Protein chains: 2
Amino acid sequence: MTKAVNTRTGLEIGAKGPVDKALELLDALVQPDGPHRLADLAAHTGLPKPTVHRLLGTLAANGFATALAGGRYRAGPRLLGLAATALADSPELRLARPVLADLRLRTGQLAHYSVRDGDTAVHLAQSEPADTYRIPLRAGGVVPLHSSAVGLAMLSALPPEEVTAALDSTPLPAVTPHTITDPEAVRAALDDVRIQGFAVDDEYTEPDVRAVAAPVLGADGLPVGAIGIIGPTFTLDDAGVALYGPMVRAAAGLISPSNGGSSPIGLVQ
Amino acid sequence: MTKAVNTRTGLEIGAKGPVDKALELLDALVQPDGPHRLADLAAHTGLPKPTVHRLLGTLAANGFATALAGGRYRAGPRLLGLAATALADSPELRLARPVLADLRLRTGQLAHYSVRDGDTAVHLAQSEPADTYRIPLRAGGVVPLHSSAVGLAMLSALPPEEVTAALDSTPLPAVTPHTITDPEAVRAALDDVRIQGFAVDDEYTEPDVRAVAAPVLGADGLPVGAIGIIGPTFTLDDAGVALYGPMVRAAAGLISPSNGGSSPIGLVQ
DNA sequence: CAACCGCGTTCCGGTGAACGGAACGTCCGT
DNA sequence: ACGGACGTTCCGTTCACCGGAACGCGGTTG
């Protein structure tokens with residue numbers, strides 16, 4: 001049933017070379033739900049079983065995968081180390097973390113930072129309030145650009161042709177009854193975002209959950225990501241949105257002119 | 001001058017297939033010091049320039065690398081998302097984080113968790129005290145097994161043949177004047193570790209810095225990682241080691257019987 | 001101003017490694 | 001005892017990786 005399609009990203013076909021397949025497999029390896037079995041990985045990536053087996057051998061030889069007893073596989077130590085390095089050294093993330101903590105304290109909401117990956121937004125970091133009213137936000141998780149506050153925030157700072165590409169590629173699936181699915185309605189919403197400086201997700205993604213986000217801009221004026229807050233509608237009501245919106249916008253501004261050429265900040269060693 | 005050798009892990013030659021090269025390149029991509037230039041990546045991985053160029057194209061097509069203006073490259077959004085997922089969903093890390101925070105509070109020292117990657121230890125997570133007396137510990141960083149507390153802790157729980165393999169593969173480089181370089185001396189130290197239940201790094205890695213660590217054991221009794229604390233000698237003196245050692249050992253015990261087959265804990269969704 | 005150097009990039013024909021259908025051994029559940 | 005699902009091995013085909021050589025460009029030097 002499954003074709004040569006990435007179940008998570010939904011990319012049509014693309015992958016041809018061995019490297020593409022290996023990357024696809026890496027992606028499948030780190031997905032939630034513990035150690036994976038070879039058959040699951042094969043189904044998830046759409047690759048033939050022997051191919052997956054051979055690739056896992058290569059990954060394991062390099063420490064990117066670990067074979068457990070009983071034919072289970074999990075992410076290897078070198079992959080975890082690489083992951084830790086990537087997240088620790090990313091310049092924006094380094095700047096974003098304290099800002100996220102501050103934003104969380106000032107709003108009492110879950111604050112998070114996301115970047116764009118094609119026509120989806122990927123959550124990279126978050127700062128959760130202690131009394132967390134179970135907001136589902138998984139690190140590494142993805143949401144469509146058109147149905148999330150961070151997505152709309154990034155779209156609002158993208159040139160029109162990129163917006164068109166993002167809105168016309170996917171059929172704008174409706175995640176909840178509130179999700180905007182009409183491209184024109186999205187474009188209208190983007191105008192509001194540009195005027196106010198922040199985007200609002202009013203139960204587009206999850207019932208009874210609202211979000212507010214603002215774009216983080218690079219030196220070239222293009223969005224590199226977005227910072228936002230997420231909370232239940234009874235906490236993040238209209239007054240809350242009006243109050244916290246500017247705070248989110250200001251937080252995004254704090255990390256914005258930060259990625260241009262090289263990082264001027266002295267490294268810790 | 002650089003041969004086909006990974007500068008970071010020092011693996012002799014290994015890499016042959018395209019997948020191996022791509023993984024090597026991924027590793028180089030996430031190394032510190034901001035966006036990398038093609039020539040640097042080529043020198044770092046020992047791969048020919050055109051090969052690096054082509055591989056970067058493949059990585060970029062999959063969102064694992066991003067090409068910046070001026071021929072610079074950095075880790076792509078999908079790689080960062082993958083990294084966030086891997087670290088968030090790792091069962092041991094999920095267990096380790098609260099334990100690290102508790103250990104830091106009770107000892108006042110930098111607490112960290114590391115896993116073994118061949119004959120090195122990789123730092124994955126840490127919890128820093130507020131008044132951090134600049135301890136250099138980079139997430140994703142690696143240290144030799146024989147000259148670190150976490151390394152000795154893991155070695156102490158490994159079967160003899162694995163210890164032999166680890167100690168005889170590298171020439172046991174001396175990082176500081178205090179580093180133990182004699183394999184027999186290491187083995188003797190391991191006996192102490194097994195008796196006490198924790199390992200001590202007395203300026204083996206860094207002058208004026210001590211560390212204490214204990215192995216985290218899997219269901220099969222083999223070490224999956226180690227938990228430890230690091231601090232300056234004037235804080236982590238002999239009394240400190242005697243006092244905190246058992247705490248570290250207890251902390252390691254808290255996460256130990258946790259990885260066997262499947263994770264019995266219900267996932268958050 | 002010209003010569004030079006280092007860089008990123010493109011080209012292209014040989015070749016070796018990836019490929020995956022088919023088949024096998026094993027371990028379950030029935 | 002049987003059936004099914006899974007991990008694993010085999011092997012001949014083929015295709016995409018490979019990388020030396022060459023190019024265009026920008027910066028620097030003499």
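Throughout, protein chains are lettered first and strands after them, A, B, ... in sequence-line order, and every chain is numbered starting at 1. Fair warning: this is a prediction, and the values are worked out from it, not measured in the lab.
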Can you check whether [X] reaches [Y] side chain to side chain, under 4.5 Å on heavy atoms?
X	Y	answer
Arg116(A)	Leu145(A)	yes
His146(A)	Asp119(A)	no
Glu92(B)	Val115(B)	yes

Checking contacts here: which listed nucleotide ([options]) is nearest the side-chain heavy atoms of [X]?
X	options	result
Thr51(A)	dG20(C), dC18(D), dT9(C)	dG20(C)
Pro50(A)	dG7(D), dC19(C), dC10(D)	dC10(D)
Pro18(A)	dG20(C), dT9(C), dA18(C)	dA18(C)
Leu38(A)	dT9(C), dC7(C), dT8(D)	dT8(D)

Problem set entry | Toward the 5' end of DNA chain D, by each residue's nearest nucleotide, Thr58(B) or Lys49(B) |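 Its nucleotide being nearer the 5' end, the pick is Thr58(B).
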
Exercise. Where each residue is assigned the nucleotide of DNA chain D containing its nearest heavy atom, which of Val19(A) and Asp40(A) is assigned the position nearer the 5′ end?
Worked result: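 Taking each residue's closest nucleotide, the earlier one in sequence belongs to Asp40(A).
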
Return no unless some side-chain N or O of [X] is found under 4.0 Å from OP1 or OP2 of [N].
X	N	answer
His53(B)	dT9(C)	yes
Lys21(A)	dC19(C)	yes
Tyr73(A)	dC6(D)	no

Using atom [atom1] of [X] as one end and atom [atom2] of [N] as the other, report the distance to the nearest whole Å.
X	N	atom1	atom2	answer
Arg37(B)	dC7(C)	CZ	P	6 Å
Arg72(A)	dT8(D)	CZ	C1'	17 Å
Leu55(B)	dG8(C)	CG	C1'	15 Å
Leu23(A)	dC17(D)	CG	P	12 Å
His36(B)	dC7(C)	NE2	P	16 Å
Leu68(B)	dG8(C)	CG	P	13 Å
Leu25(A)	dC19(C)	CG	C1'	15 Å
Asp20(B)	dA17(C)	CG	C1'	11 Å

Exercise. Base, sugar-phosphate, or nothing for Arg54(A), non-hydrogen atoms under 4.0 angstrom?
Worked result: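 Arg54(A): base contact, heavy atoms under 4.0 Å.
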
Exercise. Within the structure shown, what part of the strands sits under 4.0 Å from Pro48(A) by heavy-atom distance: base, sugar-phosphate, or nothing?
Worked result: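 Result for Pro48(A) = sugar-phosphate.
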
For this session: Please answer whether the main-chain N or O of Ala252(A) pairs with a side-chain N or O of Ser256(A) as donor and acceptor at a distance below 3.5 Å.
Result: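 Side chain of Ser256(A) to backbone of Ala252(A): a pair is present.
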
Problem set entry | Separation of Ile255(A) CD1 from Ile227(A) CD1 (nearest 0.5 Å) |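 Ile227(A) atom CD1 to Ile255(A) atom CD1 measures 4.0 Å (nearest 0.5 Å).
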
